[in-house]
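Just below is one structure, and these are the notes that go with it.
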Protein chains: 2
Amino acid sequence: MTERSVRTARRTRADGDRTRQLILDTAVRLATVEGLDGLSIGKLANATAVSKSGVYAHFDSKQDLQLATVDNARKLFVDVVVVPSLRAEGLERLTALCEMFLSYVEQRTLPGGCFFAAAASELGGRAGPLRELVASNQRDWIGLLSAAASQALTNQQLRSDTDVEGLVFELNAIVVSANTGFILHDDPVIISRARSAIERVLDAAKSA
Amino acid sequence: MTERSVRTARRTRADGDRTRQLILDTAVRLATVEGLDGLSIGKLANATAVSKSGVYAHFDSKQDLQLATVDNARKLFVDVVVVPSLRAEGLERLTALCEMFLSYVEQRTLPGGCFFAAAASELGGRAGPLRELVASNQRDWIGLLSAAASQALTNQQLRSDTDVEGLVFELNAIVVSANTGFILHDDPVIISRARSAIERVLDAAKSA
DNA sequence: CCTACCGATCGGTAGG
DNA sequence: CCTACCGATCGGTAGG
């Protein structure tokens, strides 16, 4: 009987998982505004109504929390940008990836815009595992665009003399720049300017 | 006599100006790596071998220091990117602005790459005078590119149906993305990829 | 420009 | 998961 009431009162594993997820989701949102470094355990504890040591119950150190936050941001990015685009193939997939990225920014999915654009700028000039993890995620994204572009080339949807790396560099530059500009100037016109630029670049590369 | 020795021992106005400039130059460099917010008065004092209150002798508050740091970064940018490009006009000026920007990044003028690219990413999602100052500098840069592009159009160096705003958006996206990629991946190939992209975009816009 | 100090907050730990 | 605490560092000030 005592045993029983203790058991019902005790926090279950599922509770712990939910708290951990709450902390990480909040961390992703906070980090797009304050930066991954500006994110403090104290502020995060306050924002989630968990005590500081409650946060440390889930993460060994600030760096451990930061790495888990990047992983969580990756999951979000895959869910809202990548997965919906995988329904299409080749040129259509390439177009969808760019459009879903722009829409992910435009919808203000995260308050400070794209998590990885912010993290890449913040950590670019530093060293350590956090920077490497962000760089690796960035390479994965470029790889995803490149694979779609290559398939479009194989499908003869793009001109046979297309420079795939150059095309992907340009597309990525456009969507990332749209993110920064949209957040800095709070101006949706920048998103439509990016849409036009994407269209122009892809039209120029399309096979006749 | 006592008067005299006191006078020679006393710090002159020029000494103060030199210290202030040393602080600001160090702040610009540090801010490209640590961020304008990550920049602390203590670290800055250490890096310049001035005491913390020595820093406060020149700036009323951290925000005051940050605003002065942005102004100092602007001066540097004008010196190394803008001024050399103003010798040319029209299309040549537009090309020079892009090339000088890429070279300013490639030469590692600042350890964390372009100051304003870093500041725009860091402050984009926040509010206040610092963000407004950075946004205003960003608009000036876009305005500079736009003016050169417009003149190129007037000079009939660009096709008469050229979308100046779209062209400038694309050129800026390319050079800023080159900055982030170069710093994050430490790979000079990204700069040459950007040079090719600039060339491709400008070639497509050139009048026959 | 310095030394010496302020309260607040940082990342992190002890003990439960 | 909590309260209560640690030394270090933060932005900033007093007094010289």
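Numbers restart at 1 for each chain; the letters A, B, ... are given by sequence-line order, proteins then strands. Bear in mind the structure is a predicted one, so any value in this text is a computation, not a measurement.
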Do any side-chain nitrogens or oxygens of A:Ser51 fall under 4.0 Å of OP1 or OP2 in D:dC1?
-> no
Mind checking what makes salt bridge (Lys or Arg N to Asp or Glu O under 4.0 Å) contact with A:Arg195, not counting sequence neighbours?
-> A:Glu99, A:Glu106
A:Arg74: what forms a salt bridge (Lys or Arg N to Asp or Glu O under 4.0 Å) with it, not counting sequence neighbours?
-> A:Asp140
Tell me, for nucleotides 10-16 of chain D in 5' to 3' order, what letter each nucleotide earns: B for a base near a protein heavy atom under 4.0 Å, S for only sugar-phosphate near one, - for neither?
-> SBBB---
By side-chain hydrogen bond (donor to acceptor under 3.5 Å, both in side chains), A:Arg93 pairs with (sequence neighbours left out) none
In whole angstroms, the gap separating P of C:dC1 from CZ of B:Phe59 amounts to 10 Å
Qualifying side-chain hydrogen bond (donor to acceptor under 3.5 Å, both in side chains) pairs, either residue in residues 111-124 of chain A, two or more places apart = A:Ser121-B:Ser121
What residues, two or more places apart in sequence or in another chain, satisfy salt bridge (Lys or Arg N to Asp or Glu O under 4.0 Å) together with B:Lys43?
-> B:Glu34
By salt bridge (Lys or Arg N to Asp or Glu O under 4.0 Å) - contacts of B:Glu199 (at least two apart) | none
Determine whether more than 12 heavy atoms belonging to other residues, nucleotides or ligands lie under 6.0 Å from atom CD of A:Glu165.
-> no
So side-chain hydrogen bond (donor to acceptor under 3.5 Å, both in side chains) across residues 76-90 of chain A, not counting sequence neighbours, yields A:Glu89-A:Gln151
Strand DNA chain D in bracket notation, Watson-Crick/G-U under 3.5 Å with | for pairs to another chain = ||||||||||||||||
